[in-house]
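Structure record follows, encoded as structure tokens.
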Amino acid sequence: MKFGVVRFPGSCDDVDAQLAASRVGEAVLLWHADRDLQGADAIIVPGGFSYGDYLRAGAIARFAPIMEEVIAFARDGGPVLGICNGFQVLCEAGLLPGALLPNDHLRFRCRQVTVEVLNTDTAFTRACEVGERLSIPCKHTTGRYYAPDPDALEAGGQVVLRYAPGENPNGSLRDIAGVCNEGRNVVGLMPHPEHAVDERVGGSADGLKLFASAAVALA
Amino acid sequence: MAAEDGGLRARVLIRPKAGILDPQGIAVERALPALGFKGVSNVHVGRLVELDVEDASQLDEMCRRLLANPLIEDYEIVK
Amino acid sequence: MAAEDGGLRARVLIRPKAGILDPQGIAVERALPALGFKGVSNVHVGRLVELDVEDASQLDEMCRRLLANPLIEDYEIVK
Amino acid sequence: MPDTATLPTIDDAVALGLTRDEYALIVDKLGRAPNQVELAMFSLLWSEHCAYKHSKLLLKTLPTEGRHVVMGPGENAGAVAVGDGLAVAFKVESHNHPSAVEPFQGAATGVGGILRDIFALGARPIAVLDSLRFGEPEASERSRYLLDHAVAGIGHYGNSIGVPTIGGEVYFEGPYEQNCLVNAMALGLAATDRMVRSAAAGVGNVVVLFGASTGRDGIGGASVLASAELGEADADKRPSVQVGDPFAGKKLMECSLDLLDRGLLVALQDLGAAGLTSSASEMASKGGVGIDLDVARVPLREAGMEPFEIMVSESQERMLCVCEPARLDDVLAVCARWEVHGTAIGEVTDTGSMRIFDGDELVADVPVPALVDDCPVYTLAPEPPEAPPYPAPVRVLAADASVQDALLALLASPNLASRRPLFEQYDWIVQSRTVRRPEEADAAVLALPDGSALGVAIDGNGRRVAADPYRGTIAAVLECAANLACVGAEPLGVTNNLNFGNPEKAHVAWQLAESVRGLGDACRALGVPVTGGNVSLYNEGGAGPIYPTPVIGMVGHLPDANRAGRLGFAREGDAIALAGWDAAPSLAASELSKLHGEPLPDGLPEVDLARERAVLEAIRDAVRAGELRSCHDIAEGGFLVAVAECCLAGGLGATLDLGPSDDPWAHLFGERPGGFIVSGPRAALDALATRVPLDVFGTVGGDALELRIAGATTRWPLGGLGDAHRRLARYFP
Ligand SMILES: Nc1ncnc2c1ncn2[C@@H]1O[C@H](COP(=O)(O)OP(=O)(O)O)[C@@H](O)[C@H]1O
Ligand SMILES: [Mg+2]
């Protein structure tokens, strides 16, 4: 199992994602200007502030050369996980529905949140149980999820993760914390599972399940 | 409006789509009365992008692909 | 431009002051060629504030005290 | 040498902050009057900020030697060895005045600046801590504005560049109303044998400027030099507010570390305040060489910049390096990979002079020693004031307030309330090292690759220093050491930022001298070297000087990250003890006395440093042994506040039985160093009792804090304590 973690100028959690992924498989960094996915079986678009979040979070990064390959890989059903800024990039790239807007309180907020798994039939939640609660930190300024037709998303099982009652840190529509595409192979979420893989520094290891899921998917 | 280099100086106004919560607008609207400004309403905060372009016909595509996100924003090109 | 309620719909354009670093403008200008948009230069990114005001004479003070940061931004009021 | 402009006058020199005598000395050193560019360069390097004119002699008295020291004062930051072939570089620096003008950008560029000092050494930045001082937030809208924007600015830069902000401190006191303090500390990790110094070397080597282009940022004062050519209309071409660009900073950081990893550089130096002038001259000075620079090759953000403007510009996100000519192409290729602009702008010479060219034209020629070493240093004329010259705070707690109300008022007071509304705006987890988050322990703890960890704390209670500059500064050092002991860390090194008023005032000079004496004595007593720091003087407002505020940053090491201490009560039924104190604390200069509106006392009680050290070592050993379930030092607010904090952090109540006391108020709310609230199994507490005075006074459990003292019982449900403790949230709507 080989993970490829994209590195844009301004990516911050790329090495963390690589560390987390390497707990369940091999993990390499993919340079934004290359067009080579290095034979990765799953792609992670990590957190951070690609291109400084200037103009609009994810707006510039989604045009990086490597993204052409990631988009093609995703269209062929390859598993792609977008975390925080990566989620923003995948929405901007049209691989995931909706968009992420500035938090309703307009501040950066870093805190441990509890999310509930709604759909386990995706490339990154297979190792979870429906209704299972995961404790994962989130940290962002632009995480308020919006989609024009949330009913359709829910009906289609595209809402993968929901903030537990009272835990919505950003004003996201219907407490949506993570979504997937119709093919279930592309998943994006605002919380940072790569920062919840080691009790010692993560306060929880629940996030490991998302990476393990990718391995299960391929096994 | 003409740009120094003879090209065109274009201005793009980008607004949050109607119906989408605009917390920045709300924050401004809340702050104004506190400063003694009465009778202000319907405040919205968006983005302003100004640029020199040689080929103005590219502007619309530029807005759709990069400067604005049509899902959440409307844009207006002012030349 | 008239606002629904008969008051005035005002538009404020807020730009980075000349000479003040505009990181966003630089980032956008750098990105455009990569997207195949050539001949774009002098890109600046600012903010757009639109609001209904009953008393337009307050606008200038509003800009100085809240909407713009006079230390690093210039503003232009368009009525 | 050919003269470019009409020579500036002695009045221009004075307008630039030099004295007439200093100007005369410059003329003497050059054997002629300096031209415009040269005077601009002298005005920067002979400024208080660069030359430490009023503090150098005091700083010389600080202990800087220690077996762990890898780099001491003199480099961009200090560094200590932490085993496993690794060293930790760390330094605190101030950005007070820019933050008072534009708090968001001022604080953001302050973080950017200290991070560049760290990676200039070849150390990857792994953490930021912030130290903030503002006026009273309840009374002052300006202070609330400064707080809100400075915190957002720190988060903006640190979060965006991917370095966690793992701790900090903030105090609110009237004397900071006009002159807030924004200090930032950064830590970096490097392989000891890979660290670089900033000494330029190798005649004929190339000097490369890389990073952001150069604009008129920060050219405030120096613009008087341009008044000759520029009319009023051009005044707005002289912005002096610097805008931080963390994205450019991130690329610059990765690029610099990449260049060093590939072994392409001879020397590396950041461009901080005083820009190209101080970076290039300091590199030349440390290497005992000369440097030629061509300002015409410097990439500019704005057209028509004068040579002197290019030399003094404070534009952010720039670095200067020296490489061998054969490596230049590789260096520029690495820059290009990171989308960082790199340009060869000069070379190392054997002239011993800084020679500045504008194309072919020589526009400045100054011997390096004259710029860097020959600035006169001044001995202070200290005079203690009659009494601390600060107005008494406004009373906010009734004289007859009950113990019940006093505890709630203290927990809700801006200096004690939870800092969560601040630190939630900081990313404290990126880089996957943060073993102890804010409010989990008294010191931040960062895991190291070998399973050991770093403990870091920053502190400096200005009000206590104002009451007694010598003992107040000792207390600040002890507070940091106590925070480290609570997580089990042994102090390895200290950095400090001396924030004071105008040292030409006798009583400020006295505060500064006494404070540095206290810093030196405390560090010697604890056996901790001072490896670096910064000095910020002239912090005054209309109402006079700020509280004297030495901000102490301390870095320590603990052998096992898994045993890092926690402050919250952890288990029902655990015994709670007070450890360390051998004498009752005093209400003098305490937080309670502030709430009561009492003026500062003239002096603080004496502390026995040898004894304090023994207590700190005993606490540290007990935490390392892993048997204590919680450990928290008693600081502002005193004993009862500390216990309440243990309850809130652990989500558990406690029952305390204190028995009779001749002065219950001092007992409950008095302050003095060296006291700790520990909890755990009785056996663990008994073991600690063999080394320090220890009094078991309570039990963990329930959903309230219950206090029995002298027969009376007072009860605080945790919910109520929590509501009080969350009071700062109101300033971040
Ligand atoms: N209060 C202090 N205590 C110890 N060393 C100090 C202090 N203030 C400054 N220094 C040292 O003096 C040197 C110059 O400081 P500074 O000019 O701030 O460096 P830079 O320009 O790289 O920030 C540094 O090595 C710094 O650590
Ligand atoms: Mg430096």
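We name chains A, B, ... by the order of the sequence lines, and we start the count at 1 in each one. The analysis underlying the following values was restricted to heavy atoms, covering all of them including side chains, and did not include hydrogens, waters or symmetry mates. Treat the numbers as computed from the prediction; the structure is a model and nothing was measured.
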Taking all non-hydrogen atoms of both residues, which atom of C/A31 and which atom of A/I60 are closest, and how far apart? CB-CG2, 3.5 Å
To the closest 0.5 Å, what do you measure between OH (A/Y51) and CD1 (C/I26)? 15.0 Å
Test your reading of the model: is there a side-chain donor-acceptor pair from C/Q24 to the backbone of A/Y54, 3.5 Å cut-off? no
Need one label for C/A34: side chain, backbone, both or neither, based on atoms under 4.5 Å from any heavy atom in chain A. neither
Taking atom CD as the centre, does A/E182 end up with more than 12 heavy-atom neighbours from other residues, nucleotides or ligands that are less than 6.0 angstrom away? no
